[in-house]
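One structure is given below, encoded as structure tokens.
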Amino acid sequence: MRDDAAGRRAVRIVETEAYVPGDAAAHSYRGETPRNRSLFLSRGHAYVYFIYGTWFCLNVSAEATGVGAGVLFRAGEPLAGIPAMERRRRGATLRDLARGPGRLAEALDVTRAEDGLDMCAAGPLWLAAPHGAAPRIGKSVRIGVTQEAHRLLRFYERDSPFVSGPRRINL
DNA sequence: AAGAAGATTCGCT
DNA sequence: GCGAATCTTCTTA
């Protein structure tokens, strides 16, 4: 959930990737730096990083204070505040509004300003429990990752059209 | 001090 | 399919 001057925007997270302790692909692998310090906060805090000089990506920290682990939000199904998302993502179809980590952050206007926020507390960026029937969940290797490339740490809703990635890995 | 690679996306071929 | 855009961090000299 995103609450700011544009009103409320909501997406259902339909695709995630885990970056776990001891994982060479994780930003936290080589210890704490100014960029990744939010990964070392207790579970539930936002970690926002800037990539390829162009995009932000949103994660949530996933372990106890000082451990260093997180879950990347890779795609979302737009639920509310869709006009505000369309203004941020000019020219994108509904399906592509938040389909991909960079697009998701752009649709929700998430930048470094949100880095470190507690997403389990009331505020401009927070997590709500999903509702409705439990979806079928698929798992696969992570996208764009070269280290520890065999690990099945990507999770997605198997029946959602809002999931990113090549079709062949979305079994 | 300089260079390469990276949890990406878009536009053009 | 390939290259550009272009920031941060890590590696190597």
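Labels below follow one simple rule: chain letters A, B, ... track the order of the sequence lines, proteins then strands, and each chain is numbered from 1. What you see is a predicted model; the values in this text were computed from it and never measured.
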Looking at every non-hydrogen atom in both residues, tell me the closest pair between [X] and [Y] and how far apart they are.
| X | Y | result |
| --- | --- | --- |
| Val67(A) | Pro21(A) | CG1-CG, 3.8 Å |
| Phe56(A) | Ala105(A) | O-CB, 3.2 Å |
| Leu97(A) | Arg89(A) | O-NE, 2.9 Å |
| Asp96(A) | Arg103(A) | O-CD, 3.6 Å |

| query | Judged by atom type as modelled, is there a donor-acceptor pair below 3.5 Å linking the side chain of Arg43(A) to the main-chain atoms of Ala62(A)? | reply | yes

| message | Tell me whether Arg9(A) contacts the main-chain N or O of Met85(A) through its side chain, where contact means a donor paired with an acceptor under 3.5 Å. | response | no

| field | Result of checking Leu127(A), Leu108(A), Val110(A) against Phe73(A) for side chain to side chain contact (heavy atoms under 4.5 Å, CB included) | value | Leu127(A)

| Which whole number of Å gives the distance between the P atom of dT6(C) and that of dA1(B)? | 25 Å

| task | Between dG1(C) and dA7(B), how far apart are the P atoms? Round to whole Å, please. | result | 23 Å

| field | Bounds of contact between DNA chain C and chain A, in 5' to 3' order, using a heavy-atom cut-off under 4.0 Å | value | dA5(C) to dT11(C)

| message | If you count every heavy atom of other residues, nucleotides or ligands that lies below 6.0 Å from Phe50(A) atom CZ, does the total exceed 12? | response | yes

| Pair assignment for dT9(C), Watson-Crick or G-U wobble, requiring both distances under 3.5 Å | dA4(B)

Check the interface with nucleotides 3-8 of chain B: list each N/O to N/O pair with the protein under 3.5 Å, or write none.
{"residue": "dG6(B)", "atom": "OP1", "partner": "Thr146(A)", "partner atom": "OG1", "Å": "3.3"}
{"residue": "dA7(B)", "atom": "OP1", "partner": "His27(A)", "partner atom": "NE2", "Å": "3.3"}
{"residue": "dA7(B)", "atom": "O4'", "partner": "Tyr19(A)", "partner atom": "OH", "Å": "3.4"}
{"residue": "dA7(B)", "atom": "N7", "partner": "Ala25(A)", "partner atom": "O", "Å": "3.3"}
{"residue": "dA7(B)", "atom": "N7", "partner": "His27(A)", "partner atom": "NE2", "Å": "3.3"}
{"residue": "dA7(B)", "atom": "N6", "partner": "His27(A)", "partner atom": "N", "Å": "3.3"}
{"residue": "dA7(B)", "atom": "N1", "partner": "Asn59(A)", "partner atom": "OD1", "Å": "2.5"}
{"residue": "dA7(B)", "atom": "N3", "partner": "Tyr49(A)", "partner atom": "OH", "Å": "2.8"}
{"residue": "dT8(B)", "atom": "OP1", "partner": "Arg74(A)", "partner atom": "NH1", "Å": "3.1"}
{"residue": "dT8(B)", "atom": "O2", "partner": "Trp55(A)", "partner atom": "NE1", "Å": "3.1"}

| query | With a non-hydrogen cut-off below 4.0 angstrom, is Arg112(A) in contact with a base, only sugar-phosphate, or nothing? | reply | sugar-phosphate

